[in-house]
Amino acid sequence: MTIDSEFASTQSSSPEAIKEVEILCAAFESAWQEGRSPGIREFLLQTQFAPAETVLVELVKLDLYYRARIGELPAMSDYETQFPEYTAT
């Protein structure tokens with residue numbers, strides 16, 4: 001998994017933040033590949049260096065991909081309900 005080039009190219013993205021996003025996304029993806037349906041919040045709470053909003057966006061992308069592979073079609077409103085603190089007003 002490579003993280004979004006837009007995130008990686010921003011000046012505020014420290015090497016630690018980029019690595020953290022990569023690690024969290026890889027672990028999330030691994031859980032899906034092992035047949036589990038991982039909770040996004042569990043991984044989001046592990047952030048220390050990367051902005052939580054960035055991690056959330058990357059995890060939602062992966063979640064959408066893997067849910068589509070098993071025939072689920074979650075709506076963005078599902079994620080907005082789960083993470084209202086990150087919803088734009």
Side-chain angles (χ1 to χ4, degrees):
M1 165 71 192
T2 58
I3 61 171
D4 191 313
S5 59
E6 186 175 314
F7 169 66
S9 68
T10 62
Q11 289 182 324
S12 63
S13 300
S14 69
E16 293 87 3
I18 294 169
K19 184 71 172 168
E20 182 175 70
V21 174
E22 289 175 344
I23 289 168
L24 290 172
C25 287
F28 186 80
E29 197 165 19
S30 214
W32 269 108
Q33 291 169 350
E34 292 169 0
R36 295 181 282 142
S37 178
I40 291 174
R41 189 168 299 278
E42 171 190 342
F43 290 84
L44 192 60
L45 292 174
Q46 296 178 44
T47 59
Q48 295 179 351
F49 304 107
E53 296 84 357
T54 301
V55 176
L56 178 61
V57 167
E58 297 303 317
L59 293 176
V60 166
K61 288 178 190 178
L62 287 170
D63 197 63
L64 286 167
Y65 172 77
Y66 282 99
R67 289 191 182 284
R69 289 186 66 182
I70 61 170
E72 294 181 16
L73 298 172
M76 286 312 293
S77 60
D78 297 334
Y79 298 104
E80 291 169 350
T81 300
Q82 289 180 55
F83 304 101
E85 64 271 33
Y86 299 104
T87 303
T89 56

Derivation and outcome, side-chain contact (heavy atoms from CB on, under 4.5 Å), residues Y79 and L56: CA-CA 10 Å; Y79 298 104; L56 178 61; over 6 Å; no

Does [X] share a hydrophobic cluster with [Y], counting links as ILVMFWY side-chain heavy atoms below 4.5 Å and allowing steps through other members?
| X | Y | result |
| --- | --- | --- |
| M76 | Y66 | yes |
| I23 | L44 | no |
| I70 | L73 | no |
| F49 | V55 | no |

What closest approach, in Å, do L59 and L24 show between heavy atoms, and which atom pair accounts for it?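 Scanning both residues, the minimum pair turns out to be CD2-O, 4.2 Å.
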
Working to the nearest 0.5 angstrom, can you tell me the gap between L64 CG and E72 CD?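 With rounding to 0.5 Å, CG (L64) is 10.5 Å from CD (E72).
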
Donor-acceptor contact below 3.5 Å, side chain [X] vs main chain [Y]:
| X | Y | result |
| --- | --- | --- |
| E29 | L62 | no |
| E20 | A50 | yes |
| Q46 | E42 | yes |

Do NZ/NE/NH1/NH2 and the carboxylate oxygens of E16 and K19 come within less than 4.0 Å?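 Not counted as a salt bridge, because no side-chain N and carboxylate O are separated by less than 4.0 Å.
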
Is there a side-chain contact between E53 and V57 in this structure, where contact means two heavy atoms from C-beta onward sitting under 4.5 Å apart?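 They are not in side-chain contact.
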
Should the pair F28 and F43 be assigned to parallel (<30°), tilted (30 to 60°) or perpendicular (>60°) ring geometry?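 Rings of F28 and F43: perpendicular, over 60°.
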
